[in-house]
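Working notes, beginning with the structure itself.
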Amino acid sequence: MVSDDIKIKPLQRQKVCVIGAGMAGLASARELRREGHDVTVLEQSGDVGGQWRYDPRTDGDDPLGGAAAPVKVHSSMYASLRLISARENMGFTDFQFAPKDGRDGRRFPGHREVYLYLKDFCAAFGLMASVRLNTSVVRVALAPGPTRRWTVRSVDLGKCHGADEEEEEVFDAVVVANGHYSQPRLPSIEGMEAWRGRQVHSHSYRVAEPFRGEVVVVVGCGESGKDIAMEVRRVAKEVHLVAKSMEEVTQGLAKVLSKYSASVHLQLHVERLCEDGRVVFGDGSSVFADTIIYCTGYNYTFPFLDTEGAVTVDDNRVGPLFEHVFPPSLAPSLSFIGIPIKVFAPWFFEAQAKWVAQVLSGKRTLPSEEEMMRSVEEYYHAREMAGAPKKYTHDVSLFDTTYIDEFGSKYCDFPGVEKWRYELLLSSFVNMLDNLETFRDEYKDSDSIRNSVEEWHLSAQQAQATAAPAATKKQSQ
């Protein structure tokens, strides 16, 4: 909703802290700077990119990730990971994810190509001037005083030797964009504590070689579970992939199970783990296993954030959040970017960030706290009536595929996603369901998709050629 007095009220310049320099954080920084805000991005690692910055290290002393947050190693990326979304659907609206000479030009490239793309985005818009690397946020809390401001306490990891090195700053607003693919989410299985084999969460999986010659149980039949199972089977003695039910067995997975029936086996549910090394499945069968890899997802976690209970995480529901962005009692000075899943990223992060930036500048206004809270409660009720478990609160496309476009048009006049991109998304998804092993490299576009992709490539290349001199000029100034 647009403020009625926008034409006469001067826009406000806020001092804003963005936590995280991954895809959501960089989108936030760009939109906030465009709106004229004073932006500081705090990033704990040595470069931008977030999850897309591959880190070969793992949490070696805690491979399950069961210790209190935060994990020591942020990235959960494994070496062979490739996108499951087409690159044509993964760019910023005005900085497309087009192939570049000498780089990974595939439609479904590896993780490094996304990292390099985010680096390019950073350079094109001069964002590094606002980013502090190797800076870990220790605590974010309301600052004392009559106005709502935030105290942010951080540590420079490059020179820190103790708590005395902490730095404290006060900001008008904080944007939380720290991602949610780092803190392992573990199942509760009888016997996990006493089982004698190796237990690892996919957060600490990087390559298959450590599992050579082993009997490996992969718990979880999502995209990473299937990816890892297919990779590990190349070196393992046996792989047992555990699904929740037969509904998770797509035609593509059935093909893989048939093709590699000698070494890959489907199991339904893990009943219990035994001290002697056996893994007992739901049908009563069992196998002596060397390693269990849990591909069971991640928890939202904000160990640095102290809101005195105003924002909580309950079974992966971060709330209450109006439109997954603003906590009603602390809006607009506190916001979250990148909470929803199964959205067009970074397109949706851009839309969220633009909304936040315009609300902070006074260009747009929010409903009252009571109205926002009522909206959140109505959303929760609707999800409950639809049968969606609480842990899927932020899966916005699970029941409502129109939400993404409606959000952009309603809150920040953001351009909608073109029809051909939805067609490409659906086509890629169906191909993945049918051809799990080959969908990234073997696909057949319809005439409409092929024509649209060709036009996209041409316009993206032209935009890159125009943007490069501008970025060079900006960096030299």
Side-chain angles (χ1 to χ4, degrees), residues 23 27 52 80-118 120-121 222-224 226-227 230 250-256 340-352 395-409 413-467:
M23 189 176 281
W52 297 104
S80 65
L81 184 139
R82 288 178 63 186
L83 299 184
I84 61 171
S85 297
R87 70 186 309 142
E88 293 89 344
N89 283 337
M90 281 196 64
F92 290 92
T93 53
D94 56 355
F95 193 80
Q96 294 300 317
F97 188 20
K100 299 189 74 170
D101 291 342
R103 300 227 304 240
D104 186 348
R106 294 173 295 180
R107 172 172 286 181
F108 301 91
H111 56 78
R112 179 169 171 76
E113 185 64 16
V114 184
Y115 163 69
L116 293 175
Y117 167 69
L118 293 175
D120 292 341
F121 175 76
E223 304 316 321
S224 63
K226 289 180 285 192
D227 252 7
M230 288 192 295
T250 63
Q251 180 177 333
L253 178 56
K255 291 178 181 178
V256 169
I341 63 173
K342 296 184 181 177
V343 296
F344 280 91
W347 181 97
F348 193 71
F349 304 159
E350 279 187 89
Q352 289 183 311
D395 185 345
V396 298
S397 65
L398 189 60
F399 293 102
D400 184 5
T401 57
T402 64
Y403 178 83
I404 297 174
D405 279 335
E406 290 177 353
F407 178 94
S409 62
D413 297 326
F414 212 62
V417 177
E418 298 99 317
K419 181 181 177 181
W420 71 267
R421 295 183 194 270
Y422 279 110
E423 293 177 357
L424 176 57
L425 175 68
L426 179 60
S427 174
S428 300
F429 180 68
V430 170
N431 192 22
M432 179 176 68
L433 294 181
D434 292 344
N435 303 289
L436 179 61
E437 197 173 19
T438 61
F439 77 94
R440 293 181 178 92
D441 298 306
E442 298 176 11
Y443 44 83
K444 185 176 181 180
D445 291 338
S446 66
D447 289 342
S448 61
I449 291 177
R450 183 167 55 255
N451 292 336
S452 296
V453 168
E454 289 175 356
E455 292 177 6
W456 173 85
H457 273 271
L458 181 60
S459 63
Q461 289 168 358
Q462 292 172 342
Q464 279 185 354
T466 303

Counterpart residues, ring pair (Phe, Tyr, Trp, His ring centres under 6.0 Å), relative to [X] (two or more places apart):
X	value
Phe348	Phe407
Trp347	Phe414
Phe344	Tyr422

Is any side-chain heavy atom of [Y] closer than 4.5 Å to one of [X]?
X	Y	result
Arg421	Trp456	yes
Lys444	Ser427	no
Gln352	Val343	no
Ser459	Gln96	no
Pro109	Arg103	no
Glu437	Lys255	no
Asp120	Phe97	no
Leu116	Lys100	no

What distance do [X] atom [atom1] and [Y] atom [atom2] have between them, rounded to the nearest 0.5 Å?
X	Y	atom1	atom2	result
Thr250	Lys226	OG1	NZ	5.0 Å
Asp94	Phe121	CG	CZ	7.0 Å
Asn451	Asp445	CG	CG	10.0 Å
Glu88	Trp420	CD	CH2	6.0 Å
Asp227	Leu436	CG	CG	7.5 Å
Ile404	Lys342	CD1	NZ	11.5 Å

Heavy-atom closest pair, residues [X] and [Y]:
X	Y	result
Ala86	Ser428	CB-OG, 4.4 Å
Ala98	Arg87	O-NH2, 3.5 Å
Thr93	Glu350	N-OE2, 2.8 Å

Can you tell me if CZ on Arg106 sees more than 12 non-hydrogen neighbours from other groups inside 6.0 Å?
yes
Can you pull out every salt bridge (charged side-chain N to carboxylate O under 4.0 Å, His left out) where at least one residue sits in residues 450-459? Sequence neighbours excluded, please.
Asp447-Arg450
With side-chain contact (heavy atoms from CB on, under 4.5 Å) as the test, would you mind laying out the steps for Asn435 and Glu442 before giving the verdict?
CA-CA 9 Å; Asn435 303 289; Glu442 298 176 11; over 6 Å; no
Among Asn89, Leu83, Leu424, find the one that has a side-chain contact (heavy atoms from CB on, under 4.5 Å) with Arg107.
Leu424
Sorted by chain and residue number, the side chain to side chain contact (heavy atoms under 4.5 Å, CB included) partners of Ile84 (sequence neighbours excluded) come out as Glu223, Met432, Phe439, Arg440
Carboxylate-amine/guanidinium proximity below 4.0 Å for Arg82 and Asp104:
no
With side-chain contact (heavy atoms from CB on, under 4.5 Å) as the criterion, how do Trp52 and Tyr117 come out once you've worked through the C-alpha distance, each side chain's angles and the decisive distance to 0.1 Å?
CA-CA 10 Å; Trp52 297 104; Tyr117 167 69; over 6 Å; no
Is the Phe349-Phe92 ring centre distance short of 6.0 angstrom?
no
Please check if any side-chain donor atom of Ser452 sits under 3.5 Å from a side-chain acceptor atom of Glu418, or the reverse.
no
All salt bridge (Lys or Arg N to Asp or Glu O under 4.0 Å) counterparts of Glu423, not counting sequence neighbours
none
